[in-house]
Chemist: 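Below is a structure I'd like to ask you about.
By convention in this document, chain letters (A, B, ...) are assigned in the order of the sequence lines, proteins followed by strands, and residues within each chain are numbered from 1.
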Amino acid sequence: MASQNDNHDVAQQLRPRCALLSRHKLRRTARQQVVVVRDHCVQRGVGERWMKDGGIKETDPLAMADTDYAGSMLASAYKPPSLLPIAKYRDKLLYTIETFPVTVLIGQTGSGKTTQLPQYLEQAGWCDGGKVVAVTQPRRVAATSVATRVAEEVRCDIGQEVGYSIRFEDLTSEKTRIKFLTDGLLLREALVDPLLSRYSVIMVDEAHERSLSTDILLGVLKKIRKKRPELRIVVSSATLQAEDFLNFFTDTAEAHDTSSPPGGSQGRIFHLGGRMYPVDIQYLEQPAEDYVERTLKTVFDIHSTEAEGDILVFLTGREEIDHVVEEIATRSQELHHQSQKLQPLPLYAGLSSDQQMYVFEPATPNTRKVVVATNIAEASVTIDGIVYVIDCGYVKLRAYSPSTGIETLTATPVSKASATQRAGRAGRTKPGKCFRIYTSSDYATLHEATPPEVQRSNLAPIILQLKALGIDNVARFDFLTSPPAELMVRALELLYSLGALDDYARLTKPLGSRMAELSIEPFMAKVLLVAPEFGCLSEMLSIAAMASLQGAVWFSHDGEKKASESARRKFAAEEGDHLTLLNVYQAFITKGKKDAGWCRNNYLNFKSMTRAVSIRNQLRRYLERFGIDVSESLAPSALRVGGPDIGEKIRRCLTTGLFSQAARMQPDGTFKTVNGGTTLHAHPSSLMFNRKADWVIFQEAMETGTKIFIRDVTKIEKAWLLEYAPSFYKVKQ
DNA sequence: GAGCACTGC
């Protein structure tokens with residue numbers, strides 16, 4: 001395998017310095033290009049140039065923001081349930097939930113709220129009569145890991161009394177009384193059971209993260225509550241937003257009565273105590289000119305002046321992280337006087353899970369770990385042993401422009417809530433320190449919280465789902481935070497142009513309601529539902545499944561760009577990326593025999609490919625339920641992808657969903673949108689990056705830095721746009 | 001020549 005050879009070469013070069021390491025460690029070392037020696041001579045103390053701050057006080061609710069079981073790979077240190085902070089509040093908590101329909105729970109890391117409260121509720125009889133206690137999580141890994149933990153505590157097999165349900169994995173049974181699930185999945189359950197009637201208590205965990213589906217779920221729960229007064233809602237929040245959540249649910253005449261406590265007879269905020277170690281926060285005295293460089297210096301300052309303990313560095317993206325990891329390795333070599341070593345480790349979502357594992361392994365003796373991470377380490381992944389945090393003050397945020405339909409991904413100053421959350425990562429196991437690469441006056445100008453996703457996303461999928469839930473007047477839907485009107489208008493226009501909504505913005509039948517049911521983006525749902533008319537349903541199912549992987553198909557290795565390029569060329573279809581994806585899928589199913597080794601040889605991500613098979617199966621089941629005949633009779637060999645016939649059918653079919661995302665190639669190889677106003681570049685991962693084309697449609701446009709890249713690009717004919725979207729293009733011309 | 005993080009009976 002080429003990658004191993006490469007690593008081996010690097011390992012050979014490193015051998016003299018790493019003679020004492022085991023072979024396994026050596027390979028690790030080589031892959032990370034790390035393990036270096038530091039100098040004692042750096043004299044300046046970190047504290048000299050830093051403004052001191054009082055640190056996070058125990059009463060600061062922001063400091064408590066955390067996920068109990070966010071890290072899938074590393075369970076928190078086990079504490080007997082009876083010793084958890086929540087234990088002493090058991091009776092009071094049960095009384096509050098019994099008395100008030102809505103409870104907002106504030107609890108910090110390790111308080112036990114996620115694992116213990118469901119058990120208390122079950123013991124108190126909330127599961128009598130076949131009712132179920134539901135606990136939602138924003139992430140799949142959290143739902144599975146916390147369910148597994150609770151099943152262990154209850155001493156049942158997972159899927160019996162305690163179970164979980166996430167997409168493609170339902171480990172529940174008729175006996176299940178406590179059920180963990182993703183919030184997106186609970187929303188989907190509401191399509192079948194609009195009042196979520198099997199649940200007696202619904203706990204929405206990590207609500208402060210304000211994910212799109214959490215926000216919508218809360219709005220739906222507020223509606224359900226009016227028809228089900230016996231339902232109990234527990235919102236677990238870890239931030240100052242607790243009062244916003246309470247006000248949201250109890251916003252009635254009574255709430256304005258100043259003589260009654262906040263929440264009136266409808267709700268209460270419940271503070272769980274708990275322990276978090278103090279974190280000493282230090283700011284820059286002067287703003288940094290180059291925060292990456294300043295971050296690097298801070299790493300070495302900490303290493304030379306501070307006591308033992310690992311460092312967690314927050315940066316914005318892969319490029320910065322790779323640079324900093326390399327620099328730490330290089331600069332450490334310049335230092336002499338062997339003492340404690342520095343071990344920089346990168347952490348971002350784009351790494352394979354093997355590569356991510358390294359950050360969870362304890363540092364080798366006499367070594368200080370420096371984990372250089374994106375925001376993934378803020379909530380999704382928890383690493384033990386961190387004593388120092390360096391916060392660069394920025395995060396890359398995604399936003400959707402309703403006027404252009406283009407997404408942007410830009411580095412933005414973090415919010416105060418985010419900064420507090422990052423700092424808190426230093427105080428998990430003992431008192432820690434947080435170094436902020438900005439001044440305290442910069443901090444004062446930060447927003448309180450990151451704008452929720454509902455204010456910066458394409459709302460078409462959500463609007464479609466709300467319509468399917470019977471919420472016709474989406475403009476009056478009770479959003480926790482209202483999205484900008486332009487986002488709503490754009491989403492409605494898009495759904496109308498796809499034929500999902502009629503002139504009165506009502507869901508069309510069967511097209512609109514079926515689109516809502518398909519767990520796939522609206523434009524692709526439309527494409528799938530019209531595919532039978534084009535005679536390419538089987539192929540389109542594969543394309544839809546592959547396209548929803550969103551670029552995670554190819555496995556790229558540094559230093560092997562050429563090899564992976566030529567591997568990709570084997571699957572290339574002249575007509576563009578969608579047909580190439582089809583070729584990949586069909587090769588995986590037939591030649592690949594669903595084989596991990598075959599994937600590796602072709603630089604394909606095996607996990608993603610397996611997921612594509614699951615998605616395809618799920619989509620096929622939906623279509624069959626609609627009564628659509630999914631004929632799989634076409635043998636892949638009979639299907640000459642790249643040939644004129646089926647390829648054109650597929651491209652025409654794609655145009656019926658993607659017509660609004662069309663562009664024309666210019667002589668210089670860039671693209672211009674239909675109205676001619678915007679210049680687009682083919683993303684280097686696209687086949688169209690170095691090929692000629694005229695008109696194309698694309699699935700995604702994203703602005704990063706100064707360029708706008710389009711991904712998943714397919715050639716079409718201009719005439720098709722007018723043929724399949726006459727009203728859309730008449731308006732424009 | 002390159003993109004933060006999540007997710008769907």
Chemist: To the side chain of A:P684, which of B:dG1, B:dT7, B:dC4 is closest?
Modeler: B:dG1
Chemist: For the NZ atom on A:K131, are there more than 12 heavy atoms of other groups (residues, nucleotides or ligands in this structure) within a distance under 6.0 Å?
Modeler: yes
Chemist: Below 4.0 angstrom, N of the basic side chain to O of the carboxylate: do A:K179 and A:E161 qualify?
Modeler: no
Chemist: Does a nitrogen or oxygen in the side chain of A:Q618 sit under 4.0 Å from OP1 or OP2 of B:dC9?
Modeler: yes
Chemist: Any N or O donor-acceptor pair linking the side chain of A:H683 to the base of B:dG3 at under 3.5 Å?
Modeler: yes
Chemist: Could you tell me the separation between the CZ atom of A:R620 and the P atom of B:dC9, rounded to a whole number of Å?
Modeler: 16 Å
Chemist: Report which part of the nucleic acid A:R140 touches: base, sugar-phosphate, or nothing (heavy-atom distance under 4.0 Å, all strands).
Modeler: sugar-phosphate
Chemist: At under 4.0 Å, does any side-chain N or O of A:T704 touch on OP1 or OP2 of B:dG3?
Modeler: yes
Chemist: Take the angle between the ring planes of A:F709 and A:H683 and call it parallel below 30°, perpendicular above 60°, tilted in between.
Modeler: perpendicular
Chemist: Does A:F709 reach a base, just sugar-phosphate, or nothing at all? Heavy atoms under 4.0 Å.
Modeler: sugar-phosphate
Chemist: For a quick check of understanding: with a heavy-atom distance under 4.0 Å over all strands, which category does A:T182 fall into, base, sugar-phosphate or nothing?
Modeler: sugar-phosphate
Chemist: Using a cut-off of less than 4.0 Å, is there contact between a side-chain N or O of A:Y622 and OP1 or OP2 of B:dC9?
Modeler: yes
Chemist: For B:dA5, take OP1 and OP2 only and decide whether either is under 4.0 Å from a side-chain N or O of A:T374.
Modeler: yes
Chemist: Please determine if A:E453 and A:R210 form a salt bridge, counting it only when a charged side-chain N lies under 4.0 Å from a carboxylate O.
Modeler: no
Chemist: Looking only at side-chain N and O atoms, does A:T316 come under 4.0 Å of OP1 or OP2 in B:dC4?
Modeler: no
Chemist: What's the closest nucleotide to the side chain of A:V192 if the choices are B:dG1, B:dA5, B:dC9?
Modeler: B:dC9
Chemist: Under 4.0 Å, counting only non-hydrogen atoms across every strand here, what does A:E700 touch: a base, just sugar-phosphate, or nothing?
Modeler: base
Chemist: With a 3.5 Å distance limit and no angle check, can you tell me whether A:K715 reaches the backbone of A:K692 through a side-chain donor-acceptor pair?
Modeler: yes
Chemist: Heavy atoms under 4.0 Å, any strand shown: does A:Q550 hit a base, just sugar-phosphate, or nothing?
Modeler: base
Chemist: Look at the side chain of A:E517 against the base of B:dG8 and say whether a donor-acceptor pair falls under 3.5 Å; ignore hydrogens and angles.
Modeler: no
Chemist: Could you check which of B:dG1, B:dG3, B:dA5 has an atom nearest any side-chain atom of A:L409?
Modeler: B:dG3
Chemist: Please state whether the phosphate of B:dC4, meaning OP1 or OP2, lies under 4.0 angstrom from any side-chain nitrogen or oxygen of A:R398.
Modeler: no
